[in-house]
Amino acid sequence: MIIRKTPAEIEAMKEAGRLSAKALREVGRIIEPGISTLELDRHAEKIIRAEGGIPAFKGYGGFPGTICSSVNDQIVHGIPSKDVILREGDIISIDTGAIVDGWVGDNAWTYPVGRIKPEVQKLLDVTEECMWRAISAARPGNRLGDVGHACQEHAEAHGYGVVREYVGHGVGRDMHEDPNVPNYGHRHMGLRLEEGMVIAIEPMICMGTRKTRAGNDGWLVLTRDGKPAAHFEKTVAITEGGPILLTVEPEYRRPVMKKN
């Protein structure tokens with residue numbers, strides 16, 4: 001069941017979104033060679049709790065971390081660990097969320113660790129572009145297929161694989177609500193988008209094949225060919241005037257441009 005939010009509820013969700021975005025940015029700020037993913041996790045939890053929030057991921061389905069920390073060929077759901085030490089040239093996808101007044105904000109970003117290879121930087125750039133293109137398509141009257149197609153078309157034009165098994169989702173008082181939001185699809189197909197829907201748009205793009213494999217811990221998802229993957233995510237409200245970014249700090253807000 002899709003739970004549409006009122007304008008007042010969307011406004012209330014902005015605080016969870018702001019705190020989620022702050023935690024993500026602050027974690028990104030301290031990423032450097034030699035730091036462990038557990039240190040990043042503790043930093044995120046400290047920031048969220050310091051402002052009265054609750055880490056949305058911690059304990060969710062038994063997940064032990066405040067963040068998902070996925071390195072290089074790891075796509076999503078990496079568990080933070082003192083034994084995972086970042087190295088120069090790595091990339092790391094950080095996914096985190098906060099709960100404030102019962103509302104959830106969910107977001108992700110892929111960061112370079114020091115200097116990375118140009119071809120890996122291109123993967124990050126294109127994946128971020130996929131996210132913005134998909135967000136631009138999230139307008140009343142469009143369909144989920146328009147959102148997914150905007151992402152898929154851009155990724156595949158660069159020869160990248162678009163993960164199928166893991167997709168975006170609705171967000172509200174639960175972190176995962178209806179509908180599922182695939183990062184692939186056909187224009188003018190699928191569920192029609194309506195005002196009041198709040199969704200997480202989160203491209204997961206692979207440098208090589210889109211095929212995945214599961215890690216041994218029951219959480220981690222990796223690329224099957226061992227090539228790098230990137231993951232970017234924003235929580236977005238669909239309004240009459242277009243998509244509104246919820247997981248953003250006001251001072252870093254950017255317009256969502258409509259693409260023809």
Side-chain angles (χ1 to χ4, degrees), residues 3 5 8-31 37-61 63-70 75-80 92-111 124 127-128 131-132 134-135 138 166-177 181 183 197-204 219 230-239 243-256:
I3 303 172
K5 281 70 178 178
E9 288 173 328
I10 289 172
E11 192 65 28
M13 290 187 72
K14 289 181 179 179
E15 181 57 19
R18 181 200 64 80
L19 186 53
S20 297
K22 179 178 179 179
L24 184 62
R25 178 180 57 80
E26 288 291 332
V27 168
R29 188 178 59 81
I30 66 168
I31 288 172
T37 56
L38 183 59
E39 290 175 84
L40 300 178
D41 186 81
R42 288 172 174 169
H43 190 58
E45 182 170 3
K46 180 180 178 180
I47 290 165
I48 291 169
R49 293 196 186 278
E51 298 199 24
I54 300 169
F57 294 2
K58 197 162 191 176
Y60 186 86
F63 189 79
T66 293
I67 64 172
C68 297
S69 53
S70 308
I75 303 170
V76 286
H77 303 160
I79 295 175
I92 180 168
S93 297
I94 303 292
D95 190 352
T96 196
I99 301 171
V100 178
D101 295 330
W103 297 106
V104 177
D106 185 10
N107 54 182
W109 207 264
T110 302
Y111 298 96
L124 270 58
T127 305
E128 183 184 352
M131 180 187 71
W132 292 118
I135 290 172
Y166 302 90
V167 299
H169 50 88
V171 183
R173 292 199 178 275
D174 290 319
M175 186 161 60
H176 292 100
E177 296 184 352
V181 183
N183 297 305
M197 294 173 65
V198 176
I199 57 177
I201 293 175
E202 50 178 321
M204 288 165 250
W219 286 99
H231 178 204
F232 288 78
E233 176 186 19
K234 292 285 187 184
T235 300
V236 179
I238 297 170
T239 73
I244 292 178
L245 303 176
L246 299 184
T247 43
V248 66
E249 296 171 272
E251 59 267 41
Y252 297 101
R253 189 175 299 277
R254 57 168 280 177
V256 179

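- Residues passing the side chain to side chain donor-acceptor pair (under 3.5 Å) test with R49, sequence neighbours excluded: E45.
- What you find for G53 and V100 is that their closest heavy atoms are CA-CG2, 4.3 Å.
- S69 places no side-chain N or O within donor-acceptor distance of the main-chain N or O of I92, the cut-off being under 3.5 Å.
- Looking at every heavy atom in both residues, A16 comes nearest to V104 through CB-C, 3.9 Å.
- Of all non-hydrogen atoms in M13 and G172, the two that sit nearest each other are CE-CA, 3.9 Å.
- Atom CD in E233 sits 12.5 Å away from atom CD1 in I94 (nearest 0.5 Å).
- Residues R25 and W109 have side chains not in contact (no heavy-atom distance under 4.5 Å, counting atoms from C-beta outward).
- Put simply, the residue from N107, D106, T110 that forms a side-chain contact (heavy atoms from CB on, under 4.5 Å) with D95 is D106.
- Of all heavy-atom pairs spanning E249 and R18, the tightest one is CG-O, 3.8 Å.
- Remark: N183 CG to E202 CD distance equals 7.0 Å, nearest 0.5 Å.
- Side-chain N or O atoms of K5 include none that pairs as donor or acceptor with a backbone N or O of E11 at under 3.5 Å.
- With contacts defined as side-chain heavy-atom distances shorter than 4.5 Å, the pair D41/I67 qualifies.
- We find the OH-CD1 distance between Y111 and I31 to be 6.0 Å, quoted to the nearest 0.5 Å.
- Taken to the nearest 0.5 Å, the CE atom of M175 stands 5.0 Å off from the CZ atom of F57.
- Contacts of R42 classified as side chain to side chain donor-acceptor pair (under 3.5 Å), with partners at least two apart in sequence or in another chain: none.
- Between P55 and I48, the shortest heavy-atom contact is N-CG2, 3.8 Å.
- We find the CE-CD1 distance between M131 and I135 to be 4.5 Å, quoted to the nearest 0.5 Å.
- Put simply, the side chain of S20 gets close to the backbone of A98: a donor and an acceptor are under 3.5 Å apart.
- In terms of heavy-atom proximity, W219 sits nearest to H77 at O-CB, 3.1 Å.
- H176 and Y60 share a side-chain donor-acceptor pair at under 3.5 Å.
- No donor-acceptor pair under 3.5 Å is formed between the side chain of T247 and the backbone N or O of G105.
- For the atom pair CG of L246 and CH2 of W103, the computed distance is 10.5 Å after rounding to the nearest 0.5 Å.
- Proximity of T235 to I199: side-chain heavy atoms (C-beta onward) are nowhere separated by under 4.5 Å.
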